[in-house]
**Student:** 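First the structure, then my questions, so here it is.
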Amino acid sequence: MTNGRRRVRTRAMFTVLVVAALVLATLGSGVASAGGSKKSLTIGSKDFASAQVLGQIYGQALEAKGYDISYKDNIGPTEIIFPALESGDIDLYPEYLNTVVQTQFGGAGGSDLDAVYDELQTALEGSGIVATTPAPAVDVNGFYVTKKTARQHKLKTLSDLVEVAPELVFGGPPECEERPLCLGETSQQLYGFQFETVEKLDVGGPLTVAALEDGDIDVAVLFTGSSVIPKNAVLLKDDQGLQGADNPVVLVQ
């Protein structure tokens, strides 16, 4: 095993342990009370690794409390998995607070955790769906470039990126251009990115990472809590405050 692989696996294990501690601290009786008297629950997950890890963490915690847990992984983004919860195809799934508020409900969202959580609670009223207390952690979209690209264009912030974006190739999730926290409306209002090309790859996964490492793209969107961020990648500072309070929550039907 190479030193690089050891670093990636060590970082991944550290991420899982930290997330586990934070998630379990928020679980309490929230899922149990929302699920009523049901003792068999189906947990869904979104279509990327960190969401699936969260699903496993919550599921194992509930199994320890006597629940019979089954999993439906890789269902899709918020626009697909939330309707699956509404229809009863799954009983609960881990979500990201600001993402669901803005994407599913068209809310204002933002970086104020309490305000965004209140907005979610209001949006869920009468739906039969409840949200657990947000975990004291956050996992947001990060705009990454290689160290070489950062030096070449003197990039430290997302504002620095705006001027040179027309010369660069961007890569990220297929839905990125519609997402307000990626390249969608809010992003354009704050930064106005216009890249030479936008490549539709995957959600913070191997395609995006490989494309950045191989030089096929110049800018990549990856989750800041990811364990697969390349060691030569530089996170550009979100100096205009695009990213919001994307603390993990569990939505339960």
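Keep in mind that this is a model prediction, so the values were computed, not measured.
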**Student:** Could you give me the CA-CA distance, side-chain angles and deciding distance for Y67 and Y58, then say whether ring-ring contact (aromatic ring centres under 6.0 Å, His included) is met?
**Tutor:** CA-CA 11 Å; Y67 287 84; Y58 277 114; over 10 Å; no

**Student:** Please report whether the ring centroid of Y191 lies less than 6.0 Å from that of F143.
**Tutor:**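 No, too far apart.
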
**Student:** Check V219, T157, L161 against L236 for a side chain to side chain contact (heavy atoms under 4.5 Å, CB included) and give me the one that passes.
**Tutor:** L161

**Student:** Sub-3.5 Å donor-acceptor pair from the side chain of Y71 to the main-chain atoms of Q52, do we have one?
**Tutor:** no

**Student:** Walk me through it: do D73 and S45 pass the test side chain to side chain donor-acceptor pair (under 3.5 Å)?
**Tutor:** CA-CA 5 Å; D73 290 330; S45 67; 3.0 Å; yes

**Student:** Does atom CD of E185 have more than 12 heavy-atom neighbours from other groups under 6.0 Å away?
**Tutor:** no

**Student:** Quick one: pull up OG in S226 and CG in D139 and give me the separation to the nearest 0.5 Å.
**Tutor:**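 Answer for the OG-CG pair, S226 versus D139, is 8.0 Å.
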
**Student:** Do E163 and K154 sit within salt-bridge range, that is, some charged N less than 4.0 Å from a carboxylate O?
**Tutor:** no

**Student:** Is I81 reachable from V250 through a run of I, L, V, M, F, W or Y residues, each pair having side-chain heavy atoms under 4.5 Å apart?
**Tutor:**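 No.
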
**Student:** Would you give me the side-chain donor-acceptor pairs under 3.5 Å for residues 197-204, sequence neighbours excluded?
**Tutor:**
{"residue": "D202", "atom": "OD1", "partner": "G205", "partner atom": "N", "Å": "3.4"}
{"residue": "D202", "atom": "OD1", "partner": "T208", "partner atom": "N", "Å": "3.1"}
{"residue": "D202", "atom": "OD1", "partner": "T208", "partner atom": "OG1", "Å": "2.6"}
{"residue": "D202", "atom": "OD2", "partner": "L207", "partner atom": "N", "Å": "2.9"}

**Student:** Are L235 and V209 connected into the same hydrophobic cluster when the rule is that any two of I, L, V, M, F, W, Y join if their side-chain heavy atoms are below 4.5 Å apart?
**Tutor:**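 Same cluster.
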
**Student:** Considering the options D218, N232, I217, which one meets the side chain to side chain contact (heavy atoms under 4.5 Å, CB included) requirement together with T146?
**Tutor:**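 Testing T146 for a side chain to side chain contact (heavy atoms under 4.5 Å, CB included) against D218, N232, I217 leaves exactly one candidate, N232.
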
**Student:** Should E86 and S127 be marked as a side chain to side chain donor-acceptor pair (under 3.5 Å) after you check the CA-CA gap, both sets of side-chain angles, and the distance that decides it?
**Tutor:** CA-CA 8 Å; E86 289 182 304; S127 68; over 6 Å; no

**Student:** What distance do T103 atom OG1 and E95 atom CD have between them, rounded to the nearest 0.5 Å?
**Tutor:** 7.5 Å

**Student:** Let me check something: do F170 and V234 share a hydrophobic cluster, defined by ILVMFWY side-chain heavy atoms less than 4.5 Å apart, either directly or through other members?
**Tutor:**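 Linked within one cluster.
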
**Student:** Any side-chain heavy-atom pair from V221 and P173 closer than 4.5 angstrom?
**Tutor:** yes

**Student:** Should the pair F48 and F223 be assigned to parallel (<30°), tilted (30 to 60°) or perpendicular (>60°) ring geometry?
**Tutor:** tilted

**Student:** From T42 OG1 over to K72 NZ, what is the distance, rounded to the nearest 0.5 angstrom?
**Tutor:** 6.0 Å

**Student:** Do H153 and V145 touch side chain to side chain, with heavy atoms closer than 4.5 Å?
**Tutor:**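 Answer no - side chains too far apart.
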
**Student:** If you group Ile, Leu, Val, Met, Phe, Trp and Tyr by side-chain heavy-atom gaps below 4.5 Å, do L113 and L181 land in one group?
**Tutor:**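 No: no chain of side-chain contacts under 4.5 Å links L113 to L181.
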
